[in-house]
Amino acid sequence: MRWNAVPELPEVETVVKGLRPLIKDRYITDITISEEKIIAHPAADEFKKEAVGMKIEDITRRGKYIIIELENDKEMIIHLRMTGKLLVKQCEKFRDKHTHVVFHLDNGQELRFNNIRKFGRIYLIDKDQPQKAGGYAELGPEPLSNDMSLDDFKEMFKNRRGVIKSLLMNQKFIAGIGNIYADEILFRSGIDPERKADTLSEMEIGKIYSNMREILKKGIIYGGTTFSDYVNAFGEKGSFQEELQIYQKEGEKCCRCGSTVKKKRVGGRGSYYCPSCQK
DNA sequence: GGCTTTGTTTTATA
DNA sequence: GTATAAAACAAAGC
């Protein structure tokens, strides 16, 4: 069976860190768009007209979005969705068939947007128009930000009563967590993914908070999770998959208690959990 | 060729 | 207006 590793916060952070020294301060000399639907805003010809000739001032991350800051207060917002990659290669190297957009740089290298399923999207916006980039403007707080204390996190649970896993994956609630890290956070917190948010004790919310930060940080240190598709800016795989304790472990023994790991659908998503450890 | 994969958006409902 | 849940959608691989 093949597994697609979807870029979540640690994977996107790894991509951004890898790309920064390769593309910062470079100029975009041309853009080749072979799949126009990837360019979500503005229209492809307009996008090209506005971005060519621009200098890349920096590359950063917000949630699962990559932000490439350009001159004149413009920025490119990139979402990899499933199976997305951003790679830098020499221009003469072979481009595979899933490379849909190529940014030609002034040092002869190429920044390539590669997306097997074509779900990823690229936006070009003015900095003061974030609402034009999909859900980018509505993102919740960054889970690793020092501005979000445990008290702030507890406060966010006011008026929340939905299932906890769906809440953690809700980008408006908190930014950057997807299916893999949500399962890992809840397993290590001993909480069933279907628990309603308004049944959680303060102590349980505290566990989620600390496990969330610890696991996401660890994911970044390990360079993200790779099953088959996700790679960093150099085409290298991460190693956090070796640290996973519950995700994709159906039928295996729980590493904590030894009982069998189960899988169920929570909010329409495949969710791995230990029935004996997670209540 | 139907099913699965996930993140986001849309729609419906309370 | 707000929160939630369910459904739709994107496309490719097996």
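Computed over heavy atoms, backbone and side chain alike; hydrogens, waters and symmetry mates excluded. Predicted model only: the values in this text are computed from it and were never measured. Quick note on labels: first sequence line is chain A, next is B, and so on, each numbered from 1.
Looking at A/Lys127 and A/Asp73, a side-chain N of the basic residue comes within less than 4.0 Å of a carboxylate O on the acidic one, giving a salt bridge. Using a cutoff of 4.0 Å between basic side-chain nitrogens and carboxylate oxygens, A/Lys118 and A/Glu35 are scored as salt-bridged. Taking 4.0 Å as the cut-off between side-chain N and carboxylate O, A/Glu11 and A/Lys64 do not count as a salt-bridged pair. A salt bridge is absent between A/Arg188 and A/Glu214: the closest approach of a Lys/Arg side-chain nitrogen to an acidic carboxylate oxygen does not fall below 4.0 angstrom. Ion pairing between A/Lys158 and A/Glu155 holds under the 4.0 Å rule for side-chain N and carboxylate O. A salt bridge links A/Glu13 to A/Arg61: one of the charged nitrogens lies within less than 4.0 Å of a carboxylate oxygen.
When rounded to the nearest whole Å, the span between CD of A/Glu35 and C1' of C/dA12 equals 13 Å. Spacing between atom CZ of A/Arg265 and atom P of C/dA7 amounts to 12 Å, rounded to whole angstrom units. Rounded to whole angstrom, the span from the CD1 atom of A/Ile38 across to the P atom of C/dA12 amounts to 10 Å. For the pair A/Asn179 CG and B/dG7 C1', the computed distance is 10 Å after rounding to whole Å. Separating the CZ atom of A/Arg117 from the P atom of B/dT8 is a distance of 16 Å, rounded to the nearest angstrom. In this entry the distance linking CZ of A/Arg62 with P of B/dT8 reads 12 Å, nearest Å. Rounding to whole angstrom units, CG of residue A/Leu80 and P of B/dT8 are separated by 11 Å. We find that NE2 of A/His100 is positioned 7 Å from P of C/dA12, with the value rounded to whole Å.
Among residues two or more places apart in sequence or in another chain, the side-chain hydrogen bond (donor to acceptor under 3.5 Å, both in side chains) test is passed with A/Arg62 by A/Glu142. Listed by chain and number, the residues in a side-chain hydrogen bond (donor to acceptor under 3.5 Å, both in side chains) with A/Arg20 are A/Asp58 (sequence neighbours excluded). In this structure A/Pro42 satisfies the side chain to side chain contact (heavy atoms under 4.5 Å, CB included) test together with A/Glu46, A/Phe47, A/Glu50, A/Leu124, sequence neighbours excluded. Under the side-chain hydrogen bond (donor to acceptor under 3.5 Å, both in side chains) criterion, A/Glu36 pairs with no residue at all, not counting sequence neighbours. With sequence neighbours left out, A/Lys165 forms a side-chain hydrogen bond (donor to acceptor under 3.5 Å, both in side chains) with A/Asn179, A/Asp183, A/Ser271. With sequence neighbours excluded, no residue satisfies ring-ring contact (aromatic ring centres under 6.0 Å, His included) with A/Phe119.
A/Lys64 has no side-chain polar atom (N or O) that falls below the 4.0 Å cut-off from OP1 or OP2 of B/dT6. Between A/His79 and B/dG7, a side-chain N or O to OP1/OP2 separation shorter than 4.0 Å is absent. Close to B/dT5, at under 4.0 Å from its OP1 or OP2, lies no side-chain N or O of A/Tyr247.
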Between protein and nucleic acid, restricted to nucleotides 11-13 of chain B and to nitrogen or oxygen atoms under 3.5 Å apart, what atom pairs and distances do you find?
none

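Across residues 133-141 of chain A, A/Gly134, A/Gly135 each have a non-hydrogen atom less than 4.0 Å from an atom of DNA chain B (numbered order). Listed by residue number, A/Lys118, A/Phe119 are the residues of residues 118-129 of chain A with a heavy-atom contact under 4.0 Å to DNA chain C. Contact check of residues 160-175 of chain A against DNA chain B (heavy atom, cut-off under 4.0 Å) returns A/Met169, A/Gln171.
Judged by distance alone, with hydrogens and angles left aside, A/Arg269 brings a side-chain donor or acceptor within reach of the base of B/dG7, the pair sitting under 3.5 Å.
Taking the ring axis of A/Tyr273 as reference, the NZ or CZ atom of A/Lys264 stays within 45° of it and closer than 6.0 Å to the ring centre.
Taking for each of A/Lys37 and A/Gly268 the nucleotide of DNA chain C with the nearest heavy atom, the 5'-most of the two is the partner of A/Gly268.
Applying the ring pair (Phe, Tyr, Trp, His ring centres under 6.0 Å) test to residues at least two apart or on different chains, the pairs with a partner in residues 173-217 of chain A are A/Phe153-A/Tyr209, A/Phe157-A/Phe173, A/Tyr181-A/Phe240.
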Is there a side chain to side chain donor-acceptor pair (under 3.5 Å) between A/Thr29 and A/Asp106? Walk through the geometry before answering.
CA-CA 6 Å; A/Thr29 57; A/Asp106 62 341; over 6 Å; no
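Taking the centre of each ring, A/Tyr65 and A/His79 come in below the 6.0 Å mark.
Between its opening and closing five pairs, the helix from B/dG2-C/dC14 to B/dA14-C/dT2 changes axis direction by 40°, a value rounded to 10 degrees.
In this structure, A/Lys49 places its NZ atom where only 12 or fewer heavy-atom neighbours from other residues, nucleotides or ligands lie under 6.0 Å away.
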